[in-house]
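Worksheet: one structure, shown below.
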Amino acid sequence: MRSSQLFGKTLRQAPADAENISHKLLTRAGFIQQIASGIFSLQPLGNRSITKIRNIIREEMDRAGGQEISMPVVQPRSLWEESGRADVMLPPLTTFEDRRERDMVIAPTHEETTTVMARAGVTSYRDLPFTIYQIQTKFRDETRPRGGLIRAREFEMKDAYSFDANEEGMDKSFQAMVAAYKRIFKRCGLEAIMVEADSGGIGGKDSNEFVLLTESGEDTILVSTESDYAANVEKAEFIKKEFPKGELGEVEEFATPGIKTIDELAKAEGVSKSKTAKAVFYTVDGEVVVVTIRGDYDVNETKLRNLLDGSEPRLSTPEEVEAAGLVSGSASAVGMEGMRSVVDDSITMGSNYLAGANKEGFHLRNVNLERDFKADILGDIAEAKKGYLSPDGKGKLIAKRGIEVGHVFKLGNVYSSKMGADYTDEDGGQNEILMGCYGIGVGRLLAAAVESNHDDFGMVLPQSIAPYEVYLAGLNLNDPDIAGKAEQLYQQLLDAGYDVLYDDREAPPGVKFKDADLLGIPARIVISSRSLDGGGVEVKARTEKNGEIVAESDTLDAVKKLLG
RNA sequence: CGGGGCGUGGCGCAGUCCGGUAGCGCACUGCACUGGGGGUGCAGAGGUCACAGGUUCAAAUCCUGUCGCCCCGACCA
């Protein structure tokens, strides 16, 4: 490609709206153009990079045994009613009516359609296992898109789905995808780590995210200092501090005028926060639920949601708290009737807690689970934080920021049971197909690659995903001799199979160098009167400060040395 | 959805408080010079000042409403 003919211009200044480094650089370099909030066009350079990423994904999916398919973006809403997700996925799920007034959805993901495909195509255990995938546009009406391609509403995703007859098979399919993912990220120049994750709206039991650790990430990841334990904060577990349980004391009420918080209570009593039982109120499906956790920990709402069977909890408003007859600042689960109680297991690792007396200005001493209040649900709802003990007992947790570039799920029978995807086994019995699903955000992968591969001058893209491999800058092109040699070099490089961007513009050298750097093309060749005087052409890697002059006839070899 | 900010040529901004013929830098066009890190000069072109309504002799500027975009939070495969 000749720069003089390339559509798209580089910008000296990024649009004021761009905040992330990847958003800024991709916009400045003319890769992407924003059309609306979270909605982007790809310009030629960006489209080339995306095409390369797509091809890497495709190669690795095929290598792992995946078969490419294509499913519709527009689907009947009834399909989503079958799976039970029509109402729970709102608002990201966008719906509209077609001209016959049928409710349709714009697909944010494709578990439903893929299950339909399997239920029609699978009748026997002999049809299993298989994995299908597609690379296709999704639309999720996120409440807040951000960071350019990092969180877009319309975006391209590679989504794969595996189908197996049993657990072992599902695990095997899952592992094959994990291996493929590792190769994909590596080939795209990303050091993504696999972490334990919550499965969110997709469902299923086990899920893992692939995360690029970077300060600009929007997710918090907790990793162990001494083991390879790593988990998204939504999912992360830890070893809770255990305290000796003494004799249960008598419950005793005492005055605490003006004390509204756990901090104040612990301070006033001169004890650690771990001696208090904190009560927090959540509204779930219109009902107020009392949540009790030891005062030294905080509630993780994702864990809470999972214990509540996936219903979305939100902090109750002061009005709701009051309407439920609770005294904010002095509330506890003690004596609560007709209200669901969720208790974190940290409460069982100690005794004789300080807790609210449900009476303005009073608290209780020696409050204990079972004897003084009940737990309808007892489990882990505590949020892991840095400094806590890793759940495998090895080391402490530290917190890092990261971008989720891929997510893999063991779905099991979540969809097959609801949507009736069965097969006949060896004994003639009917069984549910076990599924896995596996996603990679293609545009986000590009953004993540830029986040982790750039310097002060622009992107520093790996050869595998750079829009072009070689940037050929011709200087002094008004000299016919140099122009002719540059042209010859351009043709040679093309003949050798390289993707070449030939900067044949009438522009000062500085402009060409700045553009070469901004675009992040891995190899740069300069041909100019100076280079020719020096004995040939300059060949330089994007990652190096200085290049080397090689004889014109050695150019291809030098490029080969650099790029392979 | 809560909080904050911003809408003025393709991009970055000034002008708005205090109403009076819309300006600067980059980019763009032509010519000349220059020629290894966004070069110089001369001459140009391009704007419904987000939209609607109102106040006024006069509105980018004041008032009301609407829309859009960004950031923080909530939320989110």
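The chains referred to below are lettered A, B, ... by the order of the sequence lines, with proteins before strands, and numbering in each begins at 1. These numbers come from the heavy atoms of this one structure, side chains and all, not from hydrogens, waters or symmetry mates. What you see is a predicted model; the values in this text were computed from it and never measured.
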Residues within residues 176-183 of chain A bordering RNA chain B, heavy-atom distance below 4.0 Å
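Close to the strand, none.
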Got a sec? Which of residues 29-43 of chain A come in under 4.0 Å of RNA chain B, heavy atoms?
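Here the set is A/Q34, A/A36, A/S37.
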From B/C76, B/C13, B/G73, nucleotide with atom closest to A/R144 side chain:
B/G73
Partners of [X] by salt bridge (Lys or Arg N to Asp or Glu O under 4.0 Å), sequence neighbours excluded?
X: A/K260; answer: A/E360
X: A/E383; answer: none
X: A/K158; answer: none

When the nearest nucleotide of RNA chain B is assigned to A/N20 and to A/P108 on a heavy-atom basis, which residue is associated with the more 5' position?
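Nearest-nucleotide comparison on RNA chain B picks A/N20.
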RNA chain B: A/A18 or A/R151, which has the more 5' nearest nucleotide?
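Between the two, 5'-proximity favours A/A18.
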So that I know where these two stand, are A/H23 and A/F40 an aromatic pair - ring centroids less than 6.0 Å apart?
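Distance test on ring centres: under 6.0 Å, yes.
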Under the ring pair (Phe, Tyr, Trp, His ring centres under 6.0 Å) rule, collect the residues that match up with [X], sequence neighbours excluded.
X: A/F163; answer: A/F130
X: A/H407; answer: A/F409
X: A/F210; answer: A/Y181, A/F185
X: A/Y471; answer: none

Cationic tip of A/R153 within the cone over A/F139's six-membered ring, i.e. under 6.0 Å and within 45° of the normal?
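So A/R153 doesn't make the cation-pi contact.
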Paired with [N] by Watson-Crick or G-U wobble geometry, both distances under 3.5 Å: which nucleotide is it?
N: B/G7; value: B/C67
N: B/C33; value: B/G39
N: B/C1; value: B/G73
N: B/G44; value: B/C28
N: B/G20; value: B/C57

What about A/R314, does its side chain sit under 3.5 Å from the base of B/C75 through a donor-acceptor pair?
no
Could you check how far [atom1] of [X] sits from [atom2] of [N], rounded to whole Å?
X: A/E301; N: B/G73; atom1: CD; atom2: C1'; result: 12 Å
X: A/I150; N: B/C70; atom1: CD1; atom2: C1'; result: 15 Å
X: A/Y471; N: B/G37; atom1: OH; atom2: P; result: 15 Å
X: A/N232; N: B/C76; atom1: CG; atom2: C1'; result: 11 Å
X: A/N546; N: B/G37; atom1: CG; atom2: C1'; result: 12 Å
X: A/D141; N: B/C75; atom1: CG; atom2: C1'; result: 12 Å
X: A/L93; N: B/C76; atom1: CG; atom2: P; result: 14 Å
X: A/K514; N: B/C11; atom1: NZ; atom2: C1'; result: 18 Å

Any non-hydrogen side-chain atom of [X] less than 4.5 Å from a side-chain atom of [Y]?
X: A/I106; Y: A/V73; value: yes
X: A/S173; Y: A/Y438; value: yes
X: A/L532; Y: A/I527; value: yes
X: A/L93; Y: A/R85; value: no

Quick check against the 3.5 Å criterion: does [X] have a side-chain atom that pairs as donor or acceptor with the backbone of [Y]?
X: A/D455; Y: A/G458; value: yes
X: A/Y161; Y: A/H110; value: yes
X: A/R444; Y: A/I150; value: yes

Distance between the [atom1] atoms of [N] and [M], in whole angstroms?
N: B/G12; M: B/C71; atom1: P; result: 14 Å
N: B/C75; M: B/C1; atom1: P; result: 16 Å
N: B/G53; M: B/A58; atom1: P; result: 15 Å

Pair A/E552 + A/K485, salt bridge at N-O below 4.0 Å:
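Yes.
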Can you build the contact string for nucleotides 3-10 of chain B? Use B for base contact, S for sugar-phosphate-only contact, and - for no protein heavy atom under 4.0 Å.
--------
Per side-chain hydrogen bond (donor to acceptor under 3.5 Å, both in side chains), A/D198 is matched among A/T302, A/N300, A/N232, A/N306 by A/N306
When we call it a touch if two heavy atoms are under 4.0 Å apart, what does A/F457 touch: a base, just sugar-phosphate, or nothing?
nothing
Could you list the protein-to-nucleotides 29-36 of chain B atom pairs, N/O on both sides, closer than 3.5 Å?
{"residue": "B/G35", "atom": "O2'", "partner": "A/N476", "partner atom": "ND2", "Å": "2.5"}
{"residue": "B/G35", "atom": "O6", "partner": "A/N478", "partner atom": "ND2", "Å": "2.6"}
{"residue": "B/G35", "atom": "N2", "partner": "A/A507", "partner atom": "O", "Å": "3.3"}
{"residue": "B/G36", "atom": "O2'", "partner": "A/R530", "partner atom": "NH1", "Å": "2.7"}
{"residue": "B/G36", "atom": "O2'", "partner": "A/R530", "partner atom": "NH2", "Å": "3.2"}
{"residue": "B/G36", "atom": "N7", "partner": "A/S528", "partner atom": "OG", "Å": "3.0"}
{"residue": "B/G36", "atom": "O6", "partner": "A/S528", "partner atom": "OG", "Å": "2.5"}
{"residue": "B/G36", "atom": "O6", "partner": "A/S531", "partner atom": "N", "Å": "3.4"}
{"residue": "B/G36", "atom": "N2", "partner": "A/E538", "partner atom": "OE1", "Å": "3.4"}
{"residue": "B/G36", "atom": "N2", "partner": "A/E538", "partner atom": "OE2", "Å": "2.8"}

Protein-nucleotides 24-26 of chain B N/O pairs closer than 3.5 Å?
{"residue": "B/G25", "atom": "N2", "partner": "A/Q13", "partner atom": "OE1", "Å": "3.4"}

